[in-house]
Structures are given as structure tokens and as C-alpha cells.
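A note on names: the letters A, B, ... follow the listed sequences, proteins ahead of strands, and every chain is numbered from 1.
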Amino acid sequence: MKASQIPLFTMKEDPKDAQVASHRLLTRAGYIRKQAAGLYVFLPFGYEVFRKVEEIVRQEMNRFGAVEVHLPVITPAELWQQSGRWDIMGAEMMRMSDRHNNLFALGPTHEESITWLAAQFLQSYKQLPINLYQIGTKYRDEIRPRYGLIRCREFTMKDAYSFHMSDESLDETYQKMREAYRAIFERCGLATIAVEADSGNMGGSGSEEFMVASEIGEETLLLCENERGCGYRSNQEKTPFVPREVYHSGEPSPPQLVETPTQKTIEEVTTLLQQDPTLFIKTVIYETDESVILAFIPGDRDLSEVKLKNIAGGTNFAMASAETIRAVTGAEPGFAGPANLPVKDGEKIQMKNAAAQRVTKTVQIFFDHNIKNRGGLISGANKTGFHLKGLTDGRDFQSGETKDLVNAQAGDICPRCREQRLKSTKGIEVGHIFKLGRKYTQSMGLTVLDQNGKPFVPTMGCYGIGIGRTVATVVEQNHDEKGIIWPESISAYKYYLIGISKTAEEKALIEVLYQNMIDRGLSVYYDDRDERPGVKFNDADLVGFPWQVVAGKTYFEKGLIELKNRRTGEKTEVKPQELN
RNA sequence: CGGGAUGUAGCGCAGCGGUAGCGCACCUGCUUUGGGAGCAGGGGGUCGUUGGUUCAAAUCCAAUCAUCCCGACCA
């Protein structure tokens, strides 16, 4: 292809709304263009790369036994209502209606759709296992689209869904998908880290995420430290908390009220009372449409919202409003604690919601493992302006069956080997594999007949890769101050041909060289613009094809071209026939 | 949705009550041609939108929309 056929869309200056390397460079080099927040046009080079990634994904999925289909982007509301996600998905799901006022959603994901499809033709255990996938457009009305292709509202995902008669069969496919994912990312030139992950609102049991280590990563990963480590890798959301040192009790004493008129945070109260934050009980209050949730955790640590949400369940999980806090503690926010709490676990209370309607919510109370059987603790007194000292589990409050509620962090003990410390790194999620279980097959009513002729509800797996995000993370990992450095496997073109000619005769010679390369089936982009050499060199570096071919003086004199490796900068003079 | 910031030519920006400007890009011509050329000429903007204040608004005020950054969702 020539510049006169596919123009370059390069820019000299960074667009001001692009913050991260991939967004900046993909825009400047003319691969993508933003049309609205989280909505991007793929320009010719960008679409070429996109299709290369897609093709690698397709090949590997096929190789590992998956079958490609294509599902509609517009999905009828009934499917979502059947699974119960029409309400749960909330504003993230873009909705629309047709001329008959039938409701639809622009599919943010396709579990319902594929399960509906499976129910159309799956009848017998003999048809299982089966793994169906598609490469399709998804719509998610993200609260905050960000970082160019990394977080879009319209994006392309390869999503695969497998159906099985047994957990063993699911496990087998799950392992195959894991291998396929490794192969895909490796072929794309991406270094990924597979970590244990939380399943989020997808439901199901096991799941792993494929992460690309990056400073702009939105996930925190915890890894078992160094070579002696056990290899444990997990998303912080999922990592069980194992404290570095056992939490000890404080001085035993009867409960004592202390005045803390303005001190609300743990930090303020520790300063006032001159006590270690580990002796505090931090109270965190959340609410859902159905319940008010109180969590009690060690004062020096942060609550894991994901863990709490998974334990508590419910819809529209969010921090409790000040009004709710007053309703359950009888005090202003900042003075809540487990002792003298006016409400009990499981109690139903009347309160007003944000729309000032009267609602009934159930109180749920959870204690972290590290509160159990301890004494001499300090916490809010459920009385505005006061805290309580000398609190003891079993006497002043009942921790009952405790939970893991705390976010693990770097420096904590590895929950698997229980020896090494964890270290942390930031990561971008490019792929995610789940063991989904029967959540969708059950709700969508998918059954097949088993060996005994009895109806059986198959179990499911699902496996996703963000195509555009993969492109973006490749750029995050492969660039320098001059531009992008594409791995050969997904570069739009292999060679960037720069002709430097002073006369029409010379230009004609380069044209012949280009034609020869094309005739030999080489992937080459010829910059035939009438620009000065410097302009072309800079654009070649910016768009980042792996090899630059310069045809100039040495070509006219000796018939040799200069071959430059974009990554290493290494230059050699070769005969054109040597290119492949 | 909360907190912060920004909307002026394709891109990056200045102007902050008195006729709309700069650099790059673009068009024409000449000269140039191995790391973002020079000269000369030229085209292009209802100053995000709506309303207000004023003799006069890009500029002041209000509302609204959009975009970006920081927090809760996800490939």
C-alpha cells in the first residue's frame, strides 16, 4: 500500500485529551480517532492491527476446539428479565425500544443470549461439551470511559461460552481456554500474568484474569514474592488476608466511655488516646436496596468492598448515607461500633430511602476474623462524641461466625504457602476466564437429556478477551519516545518503505522496487509522499512498523537498501531480494 | 454520581469589554531534499450552546451541554 492510497493521519503534537501512552500514540500515529467519550473510529492502520489480533484470537480459539457464531448486538429484554439481570445491570446497560415499544438492550455481554441459543439446539448429553464463541461489539455505558481504547463504551470482545455435563468436563475446557489465552497473548507479543480473580456479578466459582503489568493498570495484583515464592498470583479483590503479625488484645478492662467530641476517624482517635490502630475496631456501613450492612474490621486495615459485597449480596451495594448511619447507630457518622448497637443482626428496620419513601431493610452484621476473641479494643460508642475503650469479644459484643473482610496488601503473608510475603503490582485486565456454573442455564431453562433420559441442567464456562484493549496494551508495552514499536505478528505492515529521490528517474526506480516487493507478497507500506526525508523518518518511527526500508543513494549506486530495525535501531545494508 | 479542570480554525494554544489572533497542518508558486525546510501569496472560526448585563460580549453573569483528570463498575 502507498501513502497516496492510504494517507497517513499523523499529528505532530499530542492531543490534549490523551493521557496515557497508548491513547496518545495511537491517536498521533493515526490509528484511532475519538468520536465521543469512549467511542473510537479505527482508521486504516488501526483497523488492520485490530483484524490481525482478531485473527490470532480466532485461530487459537478454533485450535482449542471452540466454534465461532455471531449473536445480535441488540438483545430482547425478555432474555435479561429471565436471568434477573435486567434490573441488576443498572445504568451500565444501554437500553432502547423499537417502534412497538418493545424493550431491548445493547448487549454488554452475552450469557443470556448464548444460553438462549444453546437451548434452541442442545437436546442430548451427546452434544456436550460444546464451546461457542463470537467476536462482537459490546456496549457498556461506563461511568467513566478512560484511557482511550482501554476503557470504552463500545468495544469488541471475543466471548466464548462452554456447556458441560460435569465439573470435570468444564475443568478440561477451562484449562484449554487458559492455554489458548496464553498462546494468543504470546503471539500478540504481550507479557501477561494470570491471577486468581473475583467473579464479580457474573456469578460462578473459579476465575482467572490475564493481566498486563502496567502503571496505568486499574487492578492491584498481589504476587508471592521472589524465586522462593510459591507462585501464588491473585487480584487484590480476591486475595485472602493473612496478617503479618497476629493481632493481639489490649489491656483488659471493663468498657469505659471516653469523650471524643470531634475525633471521628481512626487516625484522629488514635492520636487523642495514644493507642495503636490495631487495637481499634473500624466500623464500615454499607447499604443495598434490601439491607443495611455493618462490617467490623481491624482499625489499621481497609475494608474489601468486593469481599463484603459477595458475602452480603443484594442490589445497588453502596456506602450508607449519613441518614442510614444515624438510623442504625443512633449517632452521627464517625461514632459507630459493635457494642451498645441499637440494632441486631437479622433485624428488620423501617427507614426512608433517597426518594423519601418508607422502606424496610434487614440489618446484616459481619465481623472480620481478626476481631475474634480479642479484648481491650476501642471503637465508636454509638453515641455522638464518644468512643468506648476496653471492649471484649463475647462480653461487650458477639463476633459470632467471622469473615474475611479486609483487603490484603503488599507485605502480608502469602495465603497459599504461608511463608513468603506478598508484593504488589498494577495490572490491566485483557482476558478473563470463568467457571460460571449453572446460574444462566438454570434461569434460562436450558436442559438436555442425560444417559438415563432424564433432564439435566448443564454447567457453563465463559471466556472473554478485549480486542481493542489488547491492541492498546501492546502499545503500552511496546513504545519509545518516538512512537510505537509493533510486534511483527500484529503490525499493520511489516515494512515501511522510505524513498529518497531527487529526480523523477530515481523516484521511478523506487516505484519498481516497491512493485517487486508487492509482487513477492511482502507486506509493505510505501511512503511515496513528496516530503523531505526527515518527515518520513519521523512518521515511520511514529507509526512503528517493525522494519524500515530506506532506498536512497546506496540503492541508486550499489543496488542496496538500508534495513532498519525499529526496536533496536540497528541498520544493515541488504539486497532487496533478501527481504522476506 | 461526588470532587477538580477545560471548551476560541483540522491539531496545539494566546486574547479576558471596543472590527478574531499565533504556531503547526492545508491550498498556489518558486527554491530546497538522508532526521519534522525557506520565501511569497492564499483559504478556513455563528469563540460549545442558550439566556442575561452593556451603547458594545470570545471577554462579565447565569444556566446548560461536552470533554478530561481523581474516587465506586468491567474485557
**Asked** What's the closest nucleotide to the A:Glu305 side chain, out of B:A72, B:U67, B:A75?
**Response** B:A72
**Item:** Interatomic distance at C1', B:A14 relative to B:C22, whole Å
**Value:** 7 Å
**Request:** With the side chain of A:Ile500 defined as its heavy atoms from C-beta on, choose the nearest nucleotide among B:A75, B:G34, B:C73.
**Result:** B:G34
**Asked** Of all the nucleotides listed (B:G35, B:A72, B:A25), which has the minimum atom distance to the side chain of A:Arg144?
**Response** B:A72
**Request:** Please tell me which of the listed nucleotides, B:C11, B:U33, B:A75, lies nearest to the side chain of A:Met11?
**Result:** B:C11
**Prompt:** Salt bridge between A:Lys564 and A:Asp541, side-chain N to carboxylate O under 4.0 Å?
**Reply:** yes
**Message:** So, taking the atom named OG1 in A:Thr470 and the one named CZ in A:Phe210, what distance separates them when rounded to the nearest 0.5 Å?
**Reply:** 11.5 Å
**Electrostatic pair A:Glu60-A:Arg63, nearest N-O below 4.0 angstrom** = yes
**Asked** Is any side-chain N or O of A:Lys564 under 3.5 Å from a base N or O of B:G35, one able to act as donor and the other as acceptor?
**Response** yes
**Request:** Cation-pi check, A:Lys403 to A:Phe366: give yes when NZ or CZ is under 6.0 Å from the six-membered ring centre and within 45° of the ring axis, no otherwise.
**Result:** no
**Fill in**
The residue, A:Glu429 or A:Lys16, whose nearest nucleotide of RNA chain B is more 5′ is A:Lys16
**Prompt:** Which nucleotide sits closest to the side chain of A:Arg28: B:U67, B:G36, B:C69?
**Reply:** B:G36
**Item:** A:Phe155 ring over B:A75 six-membered base ring, under 5.5 Å and 30°
**Value:** yes
**Item:** Of A:Thr10 and A:Leu149, the one whose closest RNA chain B nucleotide lies more 5'
**Value:** A:Thr10
**Asked** Can you find a donor-acceptor pair, distance only, under 3.5 Å between A:Glu219 side chain and B:C74 base?
**Response** yes
**Asked** Any donor-acceptor pair under 3.5 Å joining the side chain of A:Glu218 to the base of B:G71?
**Response** no
**Polar pair under 3.5 Å, donor/acceptor by atom type, side chain A:Asp541, base B:G35** = yes
**Message:** Does A:Glu562 contact B:G34 through a side-chain donor or acceptor facing the base, at a distance under 3.5 Å?
**Reply:** yes
**Asked** What are the two closest non-hydrogen atoms of A:Pro108 and A:Lys138, and how far apart are they?
**Response** O-CD, 3.6 Å
**Prompt:** What's the closest nucleotide to the A:Glu13 side chain, out of B:C74, B:U33, B:C11?
**Reply:** B:C11
